[in-house]
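Just below is one structure, and these are the notes that go with it.
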Amino acid sequence: MHITAEKIKEAAEALESTELKSFMFQEPTAGPLTRRRRSSRSTGRSRRSTRGTRRSTRGTRRSTRGTRRSTRRSTRGTRRSTRGTRRSTRRSTRGTRRSTRRSTRGTRRSTRRSTRRSTRRSRRSTRRSRRSRRSTRRSRRSRRSTRRSRRSRRSTRRSRRSTRRSTRRSRRSTRRSRRSTRRSTRRSRRSTRRSRRSTRRSRRSTRRS
């Protein structure tokens with residue numbers, strides 16, 4: 001049994017229509033202090049009317065109790081429904097929070113993985129570039145060293161040539177000096193021989209004379 005506003009209005013109208021309200025709110029009339037005795041018929045009627053009013057009041061009380069119980073039950077049902085809705089909302093909010101946390105964690109993990117992969121790739125590329133630079137530097141150094149070695153070889157060859165030329169020149173000069181000394185010695189010897197001859201001739205001529 002669901003209590004509605006229409007049923008409550010009907011119960012209130014039934015209370016208003018009863019004779020109890022008219023009897024309770026009846027204004028007292030001024031009469032003589034000594035009351036007359038009523039007849040048995042009037043007393044029976046009054047007793048019957050009081051009994052009817054009592055029964056009607058009991059019915060109204062029962063109806064009010066039923067209405068109160070129904071209202072209590074309805075309020076309890078509403079409270080339970082509100083509690084259920086609150087629990088469902090809490091569960092839904094918890095589920096949404098969990099789902100959001102999981103999604104955020106997944107996104108963070110994916111971003112971390114992507115950043116790590118990108119950083120690794122960048123590091124690898126930088127390492128490769130460094131290696132290539134080092135290889136190019138080494139190749140340049142090797143080229144420079146080969147050039148230097150070639151230059152050194154050329155310089156050694158030139159130095160050897162120069163030393164050979166110098167040795168040849170020195171040898172030629174020594175040979176020339178030796179030749180000149182030999183010539184000079186020969187000339188000196190010839191001159192001494194001539195002088196000796198001349199002295200001998202002069203002595204001979206003096207002896208003859």
Side-chain angles (χ1 to χ4, degrees), residues 1-140:
M1 291 294 289
H2 293 285
I3 294 165
T4 59
E6 292 178 357
K7 288 182 180 181
I8 292 165
K9 285 180 181 179
E10 288 177 358
E13 287 175 358
L15 286 169
E16 286 177 357
S17 65
T18 55
E19 294 177 357
L20 179 64
K21 189 175 181 181
S22 64
F23 180 75
M24 285 171 70
F25 294 98
Q26 190 176 3
E27 292 180 358
T29 56
L33 295 172
T34 59
R35 291 181 182 180
R36 293 178 184 180
R37 290 182 182 179
R38 291 180 184 180
S39 64
S40 62
R41 291 179 182 178
S42 65
T43 54
R45 287 175 185 175
S46 65
R47 284 177 185 176
R48 286 174 187 175
S49 66
T50 53
R51 285 176 186 176
T53 53
R54 285 175 185 176
R55 286 176 185 175
S56 65
T57 52
R58 285 175 186 176
T60 52
R61 284 176 184 176
R62 286 176 185 175
S63 65
T64 51
R65 285 175 186 175
T67 53
R68 284 177 185 176
R69 286 175 185 175
S70 62
T71 52
R72 285 175 185 176
R73 287 175 184 174
S74 65
T75 51
R76 285 176 186 175
T78 53
R79 285 176 185 176
R80 286 176 184 176
S81 64
T82 52
R83 285 176 185 175
T85 53
R86 285 177 184 175
R87 286 176 185 175
S88 64
T89 51
R90 284 176 185 175
R91 287 175 184 174
S92 64
T93 51
R94 285 175 184 175
T96 53
R97 284 177 185 175
R98 286 176 184 175
S99 64
T100 51
R101 284 175 185 175
R102 286 176 183 175
S103 64
T104 51
R105 285 176 185 175
T107 53
R108 284 177 184 175
R109 286 176 184 174
S110 63
T111 50
R112 284 176 185 175
R113 286 176 183 175
S114 64
T115 51
R116 284 176 184 175
R117 287 176 183 174
S118 64
T119 51
R120 284 176 184 175
R121 287 176 184 174
S122 65
R123 284 177 183 176
R124 285 177 184 175
S125 64
T126 51
R127 284 176 185 174
R128 287 177 184 174
S129 64
R130 284 178 184 176
R131 285 177 184 175
S132 65
R133 287 177 184 176
R134 285 177 184 176
S135 65
T136 52
R137 285 177 184 176
R138 285 176 183 176
S139 64
R140 286 178 184 176

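The distance from atom CZ of R91 to atom CZ of R98, rounded to the nearest 0.5 Å, is 11.0 Å. Rounded to the nearest 0.5 Å, atoms CZ (R134) and CZ (R128) are 15.0 Å apart.
Under the rule for a side chain to side chain contact (heavy atoms under 4.5 Å, CB included), the partners of T85 that lie at least two apart in sequence or sit in another chain are T82, S88. Taking T136 as the reference, R133, S139 meet the side chain to side chain contact (heavy atoms under 4.5 Å, CB included) condition, with sequence neighbours excluded.
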